[in-house]
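Residue numbers begin at 1 in each chain, while the letters A, B, ... track the order of the sequences.
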Protein chains: 2
Amino acid sequence: MMELVARRFRTLGEPLRLRILQQLEAGEKTVGELVDALDAGQPNISKHLGILYDAGLVGRRREGNAMIYGINDPMVFRLCDLVCRSETKRSKAAFEALNGRTKVKR
Amino acid sequence: MMELVARRFRTLGEPLRLRILQQLEAGEKTVGELVDALDAGQPNISKHLGILYDAGLVGRRREGNAMIYGINDPMVFRLCDLVCRSETKRSKAAFEALNGRTKVKR
DNA sequence: CGACTACATCACTATATGGTGATATAGTTT
DNA sequence: AAACTATATCACCATATAGTGATGTAGTCG
């Protein structure tokens, strides 16, 4: 059970995959468009898209000889929101702790 | 930026770390108690606790010569809730799709 | 102080995974 | 069908990381 949840988190634990999802949040895109937008190798993008697809996070359909990918589970953005908020709070706390402990010239 | 978020997800992308957090949800625990509860090696538990600590997810304090760990950022449980709900929905959809496509004897 | 306990860290191995060039496959066009 | 385009897959290397035995370190007790 924990294994399943962990796998899900690991799927999101890769910057390039998050950037792919971010691109798709704006709307469906072909593999080629993602390759251009993200400045990454095509096999690499395809591999990551495959992982996201297997995880059920994105959907795809064929159109001509292009594959069009799109978001399938909007949950990911709520997850990212939570993490970002937490990260921000953490950074702020770290900053204030530093200010509190450091002798500041006045 | 995405790198930070990804790192956070990767921290949660490990079953043993999730199980540690799950244990700590019930209340603070020492390293030894976690080792017993999770049936894992002590160095391994300590390493994972260190990772969770560096990530700011757990806090710790010394008491005698025992180290007591506890949850520091309850966000993780909201994250897990979201993932679990999504996972459940996905499993259910997969099941129904299977039932819809398979010829069933009646 | 020495012995003991609880934990952290080190050193190492095994495995998983990301990136990439080469190649296979599906669809289109002529 | 041959040539072309878009994507997927393969084979491989490099790196990251989980697990583990040995060792270091902080605190307690006699």
note = Nt span of DNA chain D in reach of chain A heavy atoms at under 4.0 Å, 5' end first, is D:dT5 to D:dT9
key: Side-chain heavy atoms of B:N72 within contact of B:L57, under 4.5 Å   =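 They are not in side-chain contact.
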inquiry  = Within the 4.5 Å heavy-atom criterion, are A:L49 and A:Y53 side-chain neighbours or not?
reply    = no
Residue-phosphate contact under 4.0 Å: A:H48 side-chain N/O, C:dT17 OP1/OP2 = no
key: Transitive ILVMFWY side-chain link B:L12 to A:I51, under 4.5 Å   = no
key: Short side-chain to backbone donor-acceptor contact, B:S91 and B:E87, under 3.5 Å   = yes
query = Just by distance, do the side chain of B:R8 and the backbone of A:C80 share a donor-acceptor pair under 3.5 Å?
reply =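 Looks like no, no N/O pair under 3.5 Å.
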key: Under 3.5 Å side-chain donor-acceptor pair for B:S46 and B:Q42   =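 Their side chains do contain a donor-acceptor pair, which is all the 3.5 Å distance test asks for.
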inquiry  = With side-chain contact (heavy atoms from CB on, under 4.5 Å) as the criterion, how do A:L34 and A:L24 come out once you've worked through the C-alpha distance, each side chain's angles and the decisive distance to 0.1 Å?
reply    = CA-CA 9 Å; A:L34 289 171; A:L24 295 182; 4.2 Å; yes
task = Could you list the residues that satisfy salt bridge (Lys or Arg N to Asp or Glu O under 4.0 Å) with B:R60, not counting sequence neighbours?
result =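 Scan of B:R60 (salt bridge (Lys or Arg N to Asp or Glu O under 4.0 Å), adjacent residues dropped) gives none.
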task = List in chain and number order the residues that pass salt bridge (Lys or Arg N to Asp or Glu O under 4.0 Å) with A:E14, two or more places apart in sequence or in another chain; answer none if no residue qualifies.
result = none
query = How does protein reach along nucleotides 6-11 of chain C, written 5' to 3' as B (base within reach of a heavy atom under 4.0 Å), S (only sugar-phosphate), or - (no contact)?
reply = SBBB--
ask   = Among residues 5-26 of chain B, which contact DNA chain C at a heavy-atom distance under 4.0 Å?
value = none
task = Among residues two or more places apart or on two chains, list those pairs meeting salt bridge (charged side-chain N to carboxylate O under 4.0 Å, His left out) that have a residue in residues 17-46 of chain B.
result = B:E28-B:R61
